Amino acid sequence: MDATKPKRRRKRHHTATEIDEQLFVSHFINLQLHFVINKDELNLLVIVMDVNPIWWGQQAQREPEFTLSKCLDAVMVMGNSHMAMTTTNRLAVISSHFQDSHFLYPCKNWTGGDGAWDGTMDEAPYCGDGKYELLSVANNVVAEEMKRVMSTTEMKGNSTDTLLAGSLAKALCCILLKIVTFFSAGQEMKSRILVIKTAEDCARQYMNFMNVIFAAQKQNILIDACVLDSDSGLLQQACDITGGLYLKIPQKIALAQYLLWVFLPDLEQRPQLVLPPPVHVDYRAACFCHRNLIEIGYVCSVCLSIFCNFSPICTTCETAFKIQLPQMMKSKKKKLKQSI
Amino acid sequence: MASLSEEVLLVLKKVRQRKQDGTLYLMAERIAWGPEGKDRFTVSHLYSDIRCQKISPDGKAKIQLQLVLHTGESSTFHFSNDSSALTDREAAKDLLQQLLPKFKKKANKELEEKNRMLQEDPVLFQLYKDLVVSQVISAEEFWANRMSTTNTENTLSDKKQDVGISAAFLADIRPQTDGCNGLRYNLTPDIIESIFRTYPAVQQKYGENVPHNLTEKEFWTRFFQSHYFHRDRISTGALDIFSECAKQDEKGQVPSYEGYGFSAAASTSNPNRTGKENSNSAIIKRFNHHSAMILAAGSRRGDAPNDQASETSSTDGNSRDSDLFQPPIKKVKLQEAIDYLDLQREDGPKTVALNLKKSDRYAHGPVPLESQKYTTSQDIINSITCIRHEMANYVPNLAQVLTSSAVSSAIAALSPGGVLMQTGTQQAINQMVPSEVQGELKHLYIAAGELLRHFWTCFPVNSPFLEEKVVKMRSNLERFQMTKLRPFQEKVQRQYLSANITGHLEEMLQTAYNKLHAWQTRRMMRKI
């Protein structure tokens with residue numbers, strides 16, 4: 001065996017097909033990596049839960065098999081699934097009450113850090129199933145905070161409407177704060193808001209709601225809506241304007257399934273799935289006098305207020321109008337042509 | 001002379017053609033020449049036949065004008081009037097210059113125009129093919145509407161573009177040395193026009209002095225000699241008619257553009273400046289002034305045609321008209337000419353405060369004030385206590401969130417064909433019908449739209465012409481339906497089971513028929 005002489009290797013010229021194959025394979029791997037590990041982009045999901053105690057209390061009496069506990073469980077499953085998809089996914093949960101909006105997760109009151117199991121936590125509640133610590137911590141926090149919120153519920157004022165516009169505004173602020181903090185670190189962030197709505201729309205929040213919607217649209221933040229009880233025109237508009245999905249689910253007990261099927265995929269993956277088609281949104285305006293929804297009406301050119309009937313004075317800005325009525329045509333006497 | 005039924009624009013006596021004395025007549029549509037003493041024209045050319053005209057150079061003794069026809073023939077006219085030969089020739093030449101372009105190939109122009117339009121606009125071409133080639137309507141009807149719109153468009157677009165003034169027009173003159181210590185300036189009408197537009201004062205001077213005191217040539221010679229033109233501009237000699245222009249310019253009646261080389265501070269002369277600096281600043285000042293005049297001319301151009309006379313008289317301080325009451329008007333006009341809105345400080349639009357009595361109406365969205373479900377206070381208290389109780393004992397139970405039956409029904413609802421996916425299928429109609437069929441449908445819509453437009457513009461029927469047209473349009477519509485719509489519909493139905501995609505078209509046609517029928521019955525009733 002002649003080990004001293006190095007073997008001369010003949011250089012193989014790669015054929016064209018081999019090169020193509022290599023290129024294809026490397027490209028394919030890159031794509032996979034891109035989908036699976038996108039180190040540059042964070043995905044933040046903010047779940048806004050409507051926890052109006054009055055509606056939920058009545059719901060508990062109407063349908064005992066689906067109560068606030070079950071709903072919370074479903075939301076936790078959704079949150080866990082979202083965080084389990086990739087390491088760059090983040091979660092926030094806000095509870096929307098008639099007295100305030102509260103961040104259930106992440107929460108300042110909890111002292112355990114951002115999910116790291118650093119051994120300082122004495123209790124290991126609900127953790128016995130060996131779950132990923134981040135998920136179990138998140139669940140704990142949500143449960144604790146929700147208990148706290150509900151225990152401090154008091155009926156002070158006479159408003160029983162959920163402060164949804166305020167919760168959405170808080171969600172937007174949270175998103176923007178995260179964007180700012182991550183932007184300085186060179187990371188991009190995509191975010192969306194999922195609203196789980198139970199009670200009815202509050203007409204008084206309309207302006208704030210619309211402002212929030214347009215702000216979200218400007219920042220390219222999606223608003224999805226999962227509606228349990230009655231259709232909400234405001235949320236339909238929100239989803240239509242920001243490009244999110246609106247769904248009114250027929251069965252509340254399967255809430256988790258609907259959430260996972262429809263709302264778990266993010267914006268890039270949605271076009272590749274067959275999802276429920278968008279709803280037809282009623283964009284009709286309401287007249288200022290009766291608040292009926294009208295399609296054709298009269299608009300004051302000074303203050304742009306809409307009326308269903310013509311009135312010579314606009315009641316909002318007191319401008320006087322003249323409308324030209326069709327002129328009375330004098331009946332012309334017909335000249336009969338003399339036929340020759 | 002034989003009675004001339006045409007309008008005569010110009011008559012020039014003592015014009016020789018082929019060594020014969022005669023008179024040249026320029027009329028509205030042709031140019032003609034008749035020998036002296038005779039009352040008929042031996043030579044007559046329509047302007048549309050003339051390809052171009054030529055003149056003999058200035059230095060030659062014979063002053064001639066030659067007309068070259070499209071056929072290649074040419075006729076030469078020799079202006080032999082001793083005193084005014086040159087002016088005659090110039091007059092004839094100018095008039096021809098104006099008239100010839102109008103007549104050039106007028107007849108062919110329309111066909112060319114039509115061809116061009118058809119080529120440029122494929123939709124129009126398709127419409128033409130659908131309607132005229134298949135003889136649903138005749139070609140004249142088709143073009144009747146189109147030509148009027150395009151003609152107005154073309155003339156409008158012609159008017160919009162005006163050639164601006166080149167900033168280098170004075171430099172472009174480029175004098176050439178004549179060999180013997182003289183300079184030769186080549187002035188074209190374009191340059192003259194530029195000079196007049198930029199320096200209206202010079203135009204004013206021209207108007208005053210030519211042709212009374214000086215000939216054009218002398219005027220321009222003096223212009224170029226004057227120190228007004230030259231860069232050093234040391235004004236000497238009161239004989240110089242342009243010294244007044246220089247003085248006027250010094251007065252600073254020219255717009256000054258802050259920041260573009262002008263600054264208020266620099267205008268105050270610094271006594272410590274050296275002679276060289278002074279001359280440099282003078283040159284720069286003149287240059288800026290020149291540019292400013294060009295800009296002002298550009299803005300003045302917009303209202304020039306109407307105001308030319310008044311403007312030149314108002315902007316020239318030396319106008320013979322009474323200066324006394326001119327200044328305020330002059331100043332206003334000058335102000336208007338030099339005010340650029342976007343160079344001024346933003347004043348903000350003048351607003352009227354909106355006086356709203358009931359502004360809370362806006363805050364209330366289009367959510368109608370329906371009565372909400374009334375909950376009694378007892379209900380509320382009950383609900384709250386119930387929830388509190390429930391949440392106090394809450395333990396997340398994530399292993400039992402869903403039952404399989406609930407899940408399978410949810411999945412069924414979300415699958416294609418399920419309860420929640422219903423509206424999706426309705427949108428697929430454009431996927432069920434292939435694109436050629438869609439294209440044909442589009443053509444049908446365009447053609448039907450055109451016919452219906454003709455039909456509906458006939459109403460209200462005021463004249464007998466419209467009555468005939470309405471009836472004709474109805475027959476056109478019927479023919480369209482028979483020849484185009486029905487076969488298309490049958491083809492679609494044979495091949496694709498689905499939808500009635502021509503339903504809307506049929507509806508539109510039916511509405512038109514109904515309208516005509518109603519109108520006809522009303523007419524019959526009136527006649528009875």
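Letters A, B, ... are given to chains in the order of the sequence lines, protein chains preceding strands, and every chain is numbered from 1. Since this is a predicted model, take the numbers as computed values, not measurements.
- Of the charged side-chain nitrogens involved, at least one lies within less than 4.0 Å of a carboxylate oxygen, so that B:E478 and B:R474 count as a salt-bridged pair.
- For A:A256, the parts sitting under 4.5 Å from any heavy atom of chain B are the backbone and the side chain alike.
- Of the residues considered (A:V142, A:N80, A:L68), A:L68 shows the highest number of contacts with chain B, using heavy-atom pairs under 4.5 Å.
- Across A:L72, A:V77, A:V51, the residue that shares the most heavy-atom pairs under 4.5 angstrom with chain B is A:L72.
- Across B:S377, B:S409, B:A392, B:A399, the residue that shares the most heavy-atom pairs under 4.5 angstrom with chain A is B:S409.
- Side-chain N/O atoms of A:T198 and A:Q59 include no donor and acceptor closer than 3.5 Å.
- B:E450 has its side chain out of reach of B:I446: every pair of non-hydrogen atoms, C-beta onward, lies at least 4.5 Å apart.
- Taking the six-membered ring for Trp and thresholds of 30 and 60 degrees, A:F66 and A:W56 have ring planes inclined between 30 and 60 degrees apart.
- For a residue to count as touching a neighbouring chain, one of its non-hydrogen atoms must lie under 4.5 Å from one of that chain's; by this rule A:L275 touches chain B with the backbone only.
- Annotation: maximal heavy-atom pairing with chain B below 4.5 Å, among A:I306, A:V274, A:T315, occurs at A:T315.
- Contact count against chain B (heavy-atom pairs under 4.5 Å) is highest for A:T316 among A:T67, A:T316, A:I54.
- For a residue to count as touching a neighbouring chain, one of its non-hydrogen atoms must lie under 4.5 Å from one of that chain's; by this rule A:S69 touches chain B with backbone and side chain alike.
- Among residues at least two apart or in separate chains, salt bridge (charged side-chain N to carboxylate O under 4.0 Å, His left out) pairs with a member in residues 247-263 of chain A are A:E63-A:K252.
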Intermediate values then yes/no, side-chain contact (heavy atoms from CB on, under 4.5 Å), A:Y105 and A:M76: CA-CA 11 Å; A:Y105 175 82; A:M76 277 192 214; over 6 Å; no
